Amino acid sequence: MDDSDNLGGGSLLIAWQLKDRKVLIVGGGEVASQRIQSILTTDAYITVLSPQAGLHPRTSNLINTRNDRITYHDRLFRGPEELERMDMVLTALDDNDLSRQIVQMSRKKRIPVNAADIPDLCDFYFGAQIRDGPLQIMISTNGNGPRMASLIKTRLQKGLSGHEGQALVKIGQLRNILKERAPGVGGQVGRHRMKWMAELCNQWEMEDFTALDETTMTRLLDDGWDKGRHIPKPEGIGIHRPRGTTAPRYPIPVLQIAIAFATGALTATVLLLYRGRKW
């Protein structure tokens, strides 16, 4: 079946960068605690509005332990003035009417908004996430079945080796060193860098990357990139797997496809809906 047959009816899966942005969360219950945890991952600044009596224990703990990123106000939502200078608004309330009002206020100000458990009011959805260092995989059912997203997450986790996060850290370090050795954005050098890194990922196993250190990275670039851009064998630059180490169940090219299909820290079409907003 052609890929074009599956176009339409979905969402745009993106990795939304919220570092140092301001996010308002209205509500303090269990769902609000989940939203807080998700947003803390992005290094955003969070404002929580909720009477203390309505705080879930996990919400209280996060407010107390992460006051470097969370500002808490022991009160109800007051009105449009709460939305000033906010970059994102999340509601986690039992009061659907109030959630609808907050959504309408947010849209008037062109602020992306999510109302928990009311899919038709959401500019974006939260999904189940797998996190391993820099690796983030998101599973979205587009609001149809949050529990199914969790079950799919469990299945995907069983297919991962557990080395992906550390391997990505080492690959990122190697890419940075290569950029210093062969600088330039775009052009022929940039294309050669991308091709060489892609081929390296195709030929090496996940555990090979986790074993890289400063010395072996230098040898890899000396013996590979500098000598005709070929791909050295791991053992040729001093990488030896301990006995009993097994290869990952899925080679890196397949993992790349899975990550490209499932990733993101958030799901949103909001960049299209709010393209006129300045960030």
Side-chain angles (χ1 to χ4, degrees), residues 6-19 21-42 44-50 54 56 58-59 62 70 76-77 79-80 82-131 136-153 261-279:
N6 291 322
L7 294 178
S11 297
L12 176 66
L13 298 185
I14 61 174
W16 199 339
Q17 301 301 299
L18 287 174
K19 181 177 174 60
R21 301 289 186 181
K22 295 180 180 179
V23 179
L24 175 65
I25 299 179
V26 184
E30 182 177 5
V31 174
S33 72
Q34 295 168 359
R35 298 292 188 257
I36 293 170
Q37 286 183 311
S38 295
I39 300 301
L40 282 174
T41 300
T42 71
Y45 288 107
I46 303 170
T47 297
V48 177
L49 299 181
S50 174
H56 187 275
R58 186 165 55 221
T59 304
L62 290 169
I70 301 174
L76 296 170
F77 181 86
E82 306 278 22
L83 308 180
E84 292 300 322
R85 295 183 296 279
M86 291 297 169
D87 297 295
M88 177 185 288
V89 175
L90 312 175
T91 73
L93 301 167
D94 294 327
D95 187 341
N96 285 357
D97 289 336
L98 179 56
S99 284
R100 290 181 183 278
Q101 293 174 33
I102 295 173
V103 168
Q104 292 172 359
M105 295 176 197
S106 299
R107 286 181 174 160
K108 284 182 180 180
K109 293 180 175 291
R110 291 181 174 270
I111 303 173
V113 60
N114 172 281
D117 294 328
I118 317 179
D120 62 301
L121 293 184
C122 296
D123 293 322
F124 56 92
Y125 302 122
F126 285 83
Q129 292 190 45
I130 298 172
R131 180 79 189 271
Q136 288 181 272
I137 301 175
M138 176 180 161
I139 303 95
S140 173
T141 63
N142 284 296
N144 287 291
R147 176 55 185 159
M148 283 302 300
S150 179
L151 294 174
I152 294 169
K153 167 186 173 179
F261 177 78
T263 191
L266 295 171
T267 306
T269 57
V270 71
L271 293 184
L272 297 175
L273 296 173
Y274 296 93
R275 60 183 181 273
R277 176 175 170 78
K278 294 182 178 180
W279 296 83

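Numbering starts at 1 and runs along the sequence shown. All values reported here derive from a predicted model rather than from experimental measurement.
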Q | Minimum heavy-atom distance I111-L83, with the two atoms named | A |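 Between these two residues, the closest heavy atoms are CD1-O, 3.6 Å.
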(Q) List the residues meeting side-chain hydrogen bond (donor to acceptor under 3.5 Å, both in side chains) with R58, not counting sequence neighbours, and say none if there are none. (A)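 side-chain hydrogen bond (donor to acceptor under 3.5 Å, both in side chains) check on R58 returns S33.
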Q: Using the test side-chain hydrogen bond (donor to acceptor under 3.5 Å, both in side chains), find all partners of S50 that sit at least two apart in sequence or belong to another chain.
A: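 Residues passing side-chain hydrogen bond (donor to acceptor under 3.5 Å, both in side chains) with S50: none at all.
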Q | Heavy-atom side-chain proximity of I102 to V26 below 4.5 angstrom | A |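 Answer yes - side chains close enough.
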Output all residues satisfying side-chain contact (heavy atoms from CB on, under 4.5 Å) with [X], sequence neighbours left out; order by chain, then residue number.
X    : answer
A44  : L18, V23, I39, T42
D94  : none
Q17  : A15
S150 : R147

Q. So among L49, L90, V48, which one has a side-chain contact (heavy atoms from CB on, under 4.5 Å) with L24?
A.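 It is L49; the other options fail the test.
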Q.
For the residue pair R21 and Y45, would you count it as a cation-pi contact if the rule is NZ or CZ under 6.0 angstrom from the ring centre and within 45 degrees of the ring axis?
A.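 No, a cation-pi geometry is absent between R21 and Y45.
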Q. Which residues satisfy the salt bridge (charged side-chain N to carboxylate O under 4.0 Å, His left out) test with R100, sequence neighbours excluded?
A.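 Once residues adjacent in sequence are excluded, the partners of R100 under the salt bridge (charged side-chain N to carboxylate O under 4.0 Å, His left out) criterion are D120.
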Q) Hey, mind stepping through K22 and T47 against side-chain contact (heavy atoms from CB on, under 4.5 Å) and telling me if it holds? A) CA-CA 8 Å; K22 295 180 180 179; T47 297; over 6 Å; no
Q) Atom OG1 of T59 and atom CD of Q34: how far apart are they, to the nearest 0.5 Å? A)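 These two atoms lie 9.0 Å from each other.
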